[in-house]
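Here's a structure for you.
Worth saying up front: this structure is predicted, and the values here are computed from it rather than measured. Counting convention: from 1, in listed order, for ligands and their atoms alike.
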Amino acid sequence: MSVVPVITIDGPSGSGKGAVASRLADELGFALLDSGALYRVLGIAALRAGVDVGDEQGVANLAAAMDVKFASDEPGKVILNGEDVSLAIRTDQGSDLASRVAAMAAAREALLARQQRFRQLPGLVADGRDMGTVVFPDAELKIYLTASLEERAQRRYKQLIDKGISAILPDLLRDLKVRDERDSQRAISPLRPAEDAVVLDTTTMSLDAVVQEVLTMAHDRFGESTEGQQGEPQP
Ligand code: C5P
């Protein structure tokens, strides 16, 4: 086992990755990498800088140069070059730009080392599309979450409404489908489970049930180093 344990949580949008990863990180006292947020920030950075999302080298240069900070005091808060972009990156436009820049090899390459630097003691939970296949291929525990398209669209809808962002369900369903296709058919780092990943279909599972199942696997793999850190189960 490598020195710093990593749990990778991959899967399509709305599979529950984000919520599961953040609960796991809390329960285990591990750091959290929301890699999707990095692609989202890159899309917004391109928009702000007037760089066309089709301009691979321009986007890769931005990826290398942009100053991104994840606020430690406020989960989900992201600062790009001093600007709070937490809401901008979660809009439909933010989602679309993210999946466009994410299809470019040079942009992915430019973000690779940035993502790997999140691997710090006592451990990391990494959420994304290629965490188990490309970014942390030696991770000790790899999970691939999935759910039906309809269920994922419902979850995204609720997430946006809860954040005060307006949303239309049929539009979300269509956009998710387009992004799923783009993410899984792209030539570079396509969305797919790692060969050694545990695949969990969460369509009919509660968030708590998924978290508990993954925690049990984490305790089996990591043993005592994680057992003492588990918090109280949440309602
Ligand atoms: O996970 P989230 O929906 O925030 O990711 C936004 C987009 O970023 C995805 O649609 C995908 O195209 C891209 N992405 C990626 N690789 C990752 C994480 C996200 O290509 N590891």
Main-chain N/O of T91 paired with S95 side-chain donor or acceptor, under 3.5 Å: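 Flag set: sc S95 to bb T91 pair under 3.5 Å.
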Identity of the nearest option to atom 20 (O) of ligand 1, non-hydrogen atoms only, from R100, R129, M104, R108: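 The residue whose heavy atom sits nearest atom 20 (O) of ligand 1 is R108.
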From the candidates A98, A126, S184, the one that places a heavy atom nearest atom 7 (C) of ligand 1: A98
Ligand 1-proximal atoms of R179, by part, heavy-atom distance under 4.0 Å: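 Under 4.0 Å from ligand 1, R179 contributes side-chain atoms alone.
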Parallel, tilted or perpendicular, as decided by the 30° and 60° cut-offs, for the rings of F70 and F118: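 Correct class here is perpendicular.
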R152 side chain vs S15 backbone, donor-acceptor pair below 3.5 Å: no
D34 N/O under 3.5 Å from ligand 1 N/O: no
Proximity flag M131 to ligand 1, non-hydrogen atoms under 4.0 Å: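 So M131 counts as touching ligand 1.
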Under-4.0 Å salt bridge between D183 and R129: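 Salt bridge flag = yes for R129 with D183.
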Residue and atom name of the nearest protein heavy atom (relative to atom 8 (O) of ligand 1), distance in Å to one decimal: Y39 CB, 3.5 Å
Contact partition for D130 relative to ligand 1, non-hydrogen atoms under 4.0 Å: both
Residue R156 vicinity, atoms of ligand 1 by number, heavy atom under 4.0 Å: 3 (O)
Option whose closest heavy atom lies nearest to atom 19 (C) of ligand 1, chosen from G128, G94, S13, G36: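 Checking each option, the heavy atom nearest atom 19 (C) of ligand 1 is found in G36.
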Which segment of R40 sits under 4.0 Å of ligand 1 when only heavy atoms are counted: side chain
